[in-house]
Amino acid sequence: MILDILDKLNPAQREAVENTEGAVLILAGAGSGKTRVLTTRIGHLMENKGVKAENILAITFTNKAANEMRERVEETLEGTDTKEMWITTFHSCCVRILRKSINKIGYNRSFVIYDSADQVTLVKDCLRELNLSDKAFDPKVILSAISNAKDKLYSPKKFIQLNEGDITKTKIGEIYALYQDRLKRNSALDFDDLIMKTVELFKEHPEVLDFYRNKFRYIMVDEYQDTSKAQYELIKLLAKQHQNICVVGDDDQSIYGWRGADIRNILEFERDYDNVRIVKLEQNYRSTQVILDAANHVISNNIERKRKKLWSEQKEGQLIKIQLDENEIEEGDFISNTISYMRRYEGRDYKDFAVLYRANAQARSIEDSLNRNGIPYNIYGGIKFYERKEIKDIIAYLRVLQNPQDDISLKRIINVPRRGIGLRTIEKIEDRASLKEESLYSVLIDIEDNSDISRKARASISEFVDLMSTLRSFTDVYSVSQVIEKVLDVTGYIDELEKEKNGEGEDRIENLKEFISVALEFESSNEDKSLESFLTNVALSAEPSNEEEEEDRVSLMTIHSSKGLEFPVVFLAGMEEKIFPIARAISSMNDSEIEEERRLCYVGITRAKEELFLTLTRKRTLYGRTNPSIASRFIEELPEECIERLNKEQKELTYSKANYNMLDKYTKKYMNNMNKVQVAQKAKATIKSSNAESSIDDIKLGAKVHHPKFGLGTVVALKGPDVTIAFDNQGIKTINKEYTTLDIVK
DNA sequence: TGTGAAATAATTTTT
DNA sequence: TTATTTCACA
């Protein structure tokens, strides 16, 4: 039956499927049937080429994509066993490898995985330890620097080396070093570590790499345009020998540059492997020709891309409609009314519609309108299930049970629910732990040695330790879901929530109940039912798998999260400069940011199968501020013959290409000056320059200054009214709201 | 230790 | 606008 399926493929698809040996790059345009190609390819490998399931590795980015692929492979192969096949995400693939061998590079095999909130806590701890204020060194900025470094496989040492002479970055490098050290001490890895440490393991232990090289004879990577340098390296290590590597992607749909995706991986694939065969999938099975023409035309404004042109055998289709409204409230009403009309008179269902926007904040006005008009909708994005406070608390309990070295989780729950272990006490425990280079938990166990902690606090701590060891004894006897129930019960967590009479407590209890059913579901569908396995599962998924989503509702989401989906009717809301493209991309000195916005626009347009509406407003209130709008440049980039303007006035808001360029220059200049002025004003409030020669403007990053008490130093950070100075002899200090006299040394 | 006012910052997001 | 975090004070 595989042959039947092969016959149904178009020539390009067939070429992609049948070229199983050597390196293949499949450039798969939006809606060109790439999942179908991948699944057929796997089927072809097994059925016609006699490749065994265990020799295949198929990597995707999301769990959803991985699950879908496995299902479709199973469908294609009609019952052939796919259990031994690794169809998985980068992260779970790495966890699986690391759980087996990470001890070889000095980590504990039962490591826990930290999410971004845990990372922030850990960075804050590191800053405290280094006596740096988190005002001068914004933990978020530090973390994104660390994450960037890890995506590029830079160790702390390498990072410091590369930034020699840059005093701020060197400092960040030191924080990075401590951060890595603390992760290790906590037996924890963050998401980026999962990839980086696997590469490290492969590089330092060739025997491990060899094992996987032999195992994974055929490698396929989906969404290749989203791979980071680290992921690229990982794949390259595995594929180097046999070179049976097939990557699928679309450079035009690369929209995750800001989180480490390196578009060069796909643009330069030919350089990395021998005799690369490139297959372009350009026939689109999703959208009408009008929509494809529009998408092609917009994306052709990008310079950095591989040429590709989508076409379709489908009919021309409806023109793209553009609607201008007075403000975002009327924009919402236009969308609501159009949906109601099309449902009433054109036989559409609610689920045929999607409203896409650039930023989540835009959803509110649309939601309000849908509510007013009684239109049912699902909104995607917002707080994730596993990010909820009560869920994180319970997970923290489970983590500590599984891995007592996890200080971050321990601190989270040591006083939750309140048991009289206050901040001061925790601080003392931490000091002692870092003095003895031990985990917090081991200090807790020997708490009686600690005479500087009050007897009352010590009693509470002993009680807590007893509680935890009781719970730990349960983990050997009970299943995960039962352990969770015990934790909720024994710690008094549920009691506490029940005391809260307001609705919030009830919601939380509901969520915890759902968490228990997640655990039950886990127990029934996994072979490894251990707590460790459950925690890994939870760490590697954002939402519990919810199968019940067939309701007839309109979908609301960001364009980012719409990638990979399709809808008969799509609204792209807020087609305005500074919204889409977003202000930061316009003011950025780097043109590539506008190109990424344009790719995002391309993704948005190509979600539509039949009809596409673009909406914009004359005035928009966002973040409490009302501003007059200018039509998005992406509207100007649409071919005139593809669009229908539902009102004429909007033309006035659309500029010519030259004018958009002028506007860009102006914006960039303005933003630049704004920053300067702000820094200067804020510095002025804090620091008086005693040197009449030097102006306030001189107090900027890298400026050499002299302080009457601390001597010579260099400005390493400016934030708000704080000026952080690295003194030559006194270490780093932040001068905060003091009226200090500083001399600027020229 | 807990509360409420005040300050502040606000793309995009999966793992 | 609003969600979050900080800070002063009881």
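Letters A, B, ... are given to chains in the order of the sequence lines, protein chains preceding strands, and every chain is numbered from 1.
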Side-chain N,O (A/Lys563) to OP1/OP2 (B/dT14) below 4.0 Å
no

Between A/Asp251 and A/Arg599, is the closest basic N to carboxylate O distance under 4.0 Å?
no

Considering only nitrogen or oxygen atoms on both sides, find all protein atoms under 3.5 Å from nucleotides 2-4 of chain B and state each distance.
from  : atom 1 : to       : atom 2 : distance (Å)
B/dG2 : OP1    : A/Arg418 : NE     : 2.5
B/dG2 : OP1    : A/Arg418 : NH1    : 3.2
B/dG2 : OP2    : A/Arg418 : NE     : 2.9

Any carboxylate oxygen within less than 4.0 angstrom of a Lys/Arg side-chain nitrogen, looking at A/Lys236 and A/Glu233?
no

Atom pairs under 3.5 Å, N or O on each side, protein against nucleotides 3-5 of chain C: can you list them with distances?
none

Is the phosphate of B/dT13, meaning OP1 or OP2, less than 4.0 Å from a side-chain N or O of A/Thr558?
yes

Does the pair A/Lys563/A/Glu223 count as a salt bridge with the N-to-O cut at 4.0 Å?
yes

OP1 or OP2 of B/dT11 versus the side-chain N and O atoms of A/Tyr623: is any pair under 4.0 Å?
yes

Look at A/Asn63 and B/dT14 and indicate whether a side-chain polar atom (N or O) is within less than 4.0 Å of OP1 or OP2.
no

Inspect the contact between A/Arg364 and A/Glu367 and indicate whether a charged nitrogen and a carboxylate oxygen are less than 4.0 angstrom apart.
no

Please check the phosphate of B/dT14 (OP1 and OP2 only) for any side-chain N or O of A/Thr62 closer than 4.0 Å.
no

Regarding the side chain of A/Thr89, the nearest nucleotide among B/dT14, B/dT15, B/dT13 is B/dT15

Verify the stacking flag for A/Tyr256 against B/dT13: centroid separation must be under 5.5 angstrom and the ring planes must differ by under 30 degrees.
no

Considering only B/dT12, B/dT14, B/dT15, which nucleotide approaches the side chain of A/Asn360 most closely?
B/dT12

Checking understanding here: a glycosidic angle within 90° of 0 is syn, the rest anti, so what is C/dT4?
anti

